[in-house]
Student: 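Attaching a single structure in structure tokens format; questions to follow.
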2 protein chains.
Amino acid sequence: MPQTRVKDKQGKSAKWQARRHEIVDASAKVFAERGYHATSTTELCEANGIGKGALYYYIGSKEQLLAAIHDRVMDEVMLGADRAALAGGTPREQLAGLGEELLDVIFRFPDHVWVFLHDFPALTGKNAEMFRQRRRAYERRVESVFQQGVESGDFRPLDTRLAVIAWLGMHNYTYLSLRAGGHFSVKEVAKAFADIFVWGIATRG
Amino acid sequence: MPQTRVKDKQGKSAKWQARRHEIVDASAKVFAERGYHATSTTELCEANGIGKGALYYYIGSKEQLLAAIHDRVMDEVMLGADRAALAGGTPREQLAGLGEELLDVIFRFPDHVWVFLHDFPALTGKNAEMFRQRRRAYERRVESVFQQGVESGDFRPLDTRLAVIAWLGMHNYTYLSLRAGGHFSVKEVAKAFADIFVWGIATRG
DNA sequence: ATTTTACTACTGACTGGTCGGTCTATTCAA
DNA sequence: TTGAATAGACCGACCAGTCAGTAGTAAAAT
């Protein structure tokens with residue numbers, strides 16, 4: 001059993017994993033610009049400066065590449081949710097933390113997120129099922145914060161499902177309008193959104 | 001110059017326009033289910049029960065069909081904004097009216113809206129420019145309500161651009177989660193969203 | 001009343017080209 | 001000398017769009 005060439009359980013070296021990672025990231029950019037279905041594997045080869053053989057050596061198939069981009073987004077989103085949960089605080093603070101973490105992912109991985117929110121219907125079979133499960137898991141985490149807030153009396157009684165839809169839409173949709181390095185920073189947007197959602201926009205009476 | 005066969009300025013009869021309308025609507029459904037790029041013109045023929053010749057006799061090209069679906073959505077959205085403006089009221093009432101009209105379009109034309117929000121990057125040249133202009137025009141209308149509210153003191157001072165992005169995201173994103181005939185009615189969702197946005201979710205102190 | 005003309009509405013075979021993916025051959029590092 | 005890494009020719013399938021032809025019908029001409 002050789003020890004110099006270290007391989008993981010899929011039988012691939014760390015070097016292979018790193019190169020694959022690079023290719024996934026570069027391809028996400030192309031998908032974000034042209035769309036998944038509209039991007040040919042030949043274009044992916046050009047963007048990565050490699051031939052078809054090398055491309056398929058790393059990605060397996062076009063759909064597996066798409067799934068890898070989705071995984072990357074969900075990994076980051078879940079990590080952000082973990083950090084927000086670890087920070088603790090009142091339901092209001094929890095919600096603000098969750099929002100800032102989500103916006104942070106959207107600003108740090110704009111291409112991946114674009115692909116994630118646009119081309120998920122192209123996933124089939126097991127890939128689609130995995131995607132749906134992870135997405136649902138995240139939505140449940142958000143919903144539980146709303147439920148806690150209602151129970152503790154911090155939030156007024158409300159339909160938590162509708163609140164989740166409103167909150168997710170408000171944050172996710174920024175991938176269309178806001179970019180890193182643009183007019184607003186993550187913290188500014190997160191603050192403004194948390195204020196609107198928690199306190200509303202009406203003047204106090 | 002014959003008078004019996006009535007044609008419009010494009011030289012097409014009312015009958016032709018009606019049939020085209022049917023084909024646009026049926027095609028929107030297929031695009032929503034399978035995606036614009038993933039749908040072949042042969043599939044569109046099958047869905048409409050016609051051959052290639054007839055399809056192109058009515059649609060001109062695949063992209064013109066896509067543009068027609070976009071026009072249909074924007075026409076309805078603008079009509080809704082007109083109705084909301086005509087109803088008048090305070091900035092708060094204006095905003096609530098605008099939200100209900102927008103959600104109404106999303107519930108009445110779920111397929112068209114799905115295509116509108118998913119496949120707009122496939123529009124090119126003049127089609128893309130027209131789409132962008134109309135979208136911007138609508139966003140300006142929404143923003144002006146926020147500006148009026150801030151000026152009148154009904155709304156607290158806020159960045160109106162960020163507020164528009166938050167408001168649009170909250171409403172538009174429902175196309176993913178909410179369907180007509182589902183658990184919630186348009187009025188329920190509109191009410192819940194207006195309450196959250198205007199008053200926030202925190203309990204009053 | 002009947003033929004001719006003109007035009008709408010439509011078919012489906014066909015075209016040039018592109019697609020995702022495979023395969024054989026080759027390079028190169030260890 | 002072995003196997004990881006790579007190129008690019010190649011494959012069958014499928015793509016958007018075209019075209020020659022035609023059935024049906026309403027208007028015009030006879």
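Keep in mind it's a predicted model, so treat the numbers as computed, not measured. Labels below follow one simple rule: chain letters A, B, ... track the order of the sequence lines, proteins then strands, and each chain is numbered from 1.
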Student: How would you list, by chain and number, every residue that makes a side chain to side chain donor-acceptor pair (under 3.5 Å) with A:H70, sequence neighbours excluded?
Tutor: none

Student: What is the distance from CD of B:E63 to C1' of D:dC15, rounded to the nearest Å?
Tutor: 16 Å

Student: Which residue pairs satisfy the salt bridge (Lys or Arg N to Asp or Glu O under 4.0 Å) criterion with at least one member in residues 167-195 of chain B, sequence neighbours excluded?
Tutor: B:E100-B:K187, B:K191-B:D195

Student: When the side chains of residues 162-174 of chain B are checked against the rest of the protein, which donor-acceptor pairs come out under 3.5 Å, sequence neighbours left out?
Tutor:
unit_1: B:H171; atom_1: ND1; unit_2: B:W167; atom_2: O; d: 2.8
unit_1: B:N172; atom_1: ND2; unit_2: A:Y173; atom_2: OH; d: 2.8
unit_1: B:Y173; atom_1: OH; unit_2: A:R135; atom_2: NH2; d: 3.4
unit_1: B:Y173; atom_1: OH; unit_2: A:N172; atom_2: ND2; d: 2.8
unit_1: B:T174; atom_1: OG1; unit_2: B:H171; atom_2: O; d: 2.6

Student: Nearest-Å distance, CG (A:N48) to C1' (D:dA5)?
Tutor: 15 Å

Student: Please report, rounded to the nearest Å, how far the P atom of C:dG21 is from the CG atom of A:L65.
Tutor: 10 Å

Student: Report the residues that fulfil side-chain contact (heavy atoms from CB on, under 4.5 Å) with B:H183, sequence neighbours left out, ordered by chain and then residue number.
Tutor: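 None.
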
Student: Using a strict threshold of under 4.0 Å (side-chain N to carboxylate O), is an ion pair present between B:R161 and B:E139?
Tutor: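 A salt bridge is present here (some side-chain N lies under 4.0 Å from a carboxylate O).
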
Student: Under the salt bridge (charged side-chain N to carboxylate O under 4.0 Å, His left out) test, which residues partner B:D159, sequence neighbours left out?
Tutor: none

Student: Between D:dT6 atom P and A:K15 atom NZ, what is the distance in whole Å?
Tutor: 7 Å

Student: Give the nucleotide from the list D:dA16, D:dA5, C:dG20 with an atom nearest to the side chain of A:S13.
Tutor: D:dA5

Student: Mind listing the residues from residues 20-46 of chain A sitting with a heavy atom below 4.0 Å of DNA chain D? Number order is fine.
Tutor: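 Contacts with DNA chain D under 4.0 Å: none.
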
Student: Return the value, rounded to whole Å, for the distance between atom CD of B:Q17 and atom C1' of C:dA9.
Tutor: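 Between C1' of C:dA9 and CD of B:Q17: 15 Å.
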
Student: Please list, one pair per line, the donor and acceptor atoms closer than 3.5 Å that link side chains of residues 120-128 of chain A to other protein atoms, with sequence neighbours excluded.
Tutor:
unit_1: A:T124; atom_1: OG1; unit_2: A:E63; atom_2: OE1; d: 2.9
unit_1: A:T124; atom_1: OG1; unit_2: A:E63; atom_2: OE2; d: 3.0

Student: What pairs with B:A81 under side-chain contact (heavy atoms from CB on, under 4.5 Å), at least two apart in sequence or on another chain?
Tutor: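 Checked B:A81 against side-chain contact (heavy atoms from CB on, under 4.5 Å); matches are B:L98, B:Y138, B:R141.
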
Student: Calculate the interatomic distance between B:Q64 atom CD and D:dA16 atom P; express it in whole Å.
Tutor: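 Value for this atom pair: 15 Å.
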
Student: Could you check whether atom CE of B:M78 has more than 12 heavy atoms from other residues, nucleotides or ligands sitting under 6.0 Å from it?
Tutor: yes

Student: Looking only at side-chain atoms of A:W16, point me to the closest of C:dG20, D:dA16, D:dA5.
Tutor: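 The answer is D:dA5, which lies nearest to the side chain.
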
Student: Set out, line by line, the N/O atom pairs under 3.5 Å between protein and nucleotides 10-13 of chain C.
Tutor:
unit_1: C:dC10; atom_1: OP2; unit_2: B:Y58; atom_2: OH; d: 2.4
unit_1: C:dT11; atom_1: OP2; unit_2: B:G51; atom_2: N; d: 2.6
unit_1: C:dG12; atom_1: O6; unit_2: B:G53; atom_2: N; d: 3.0

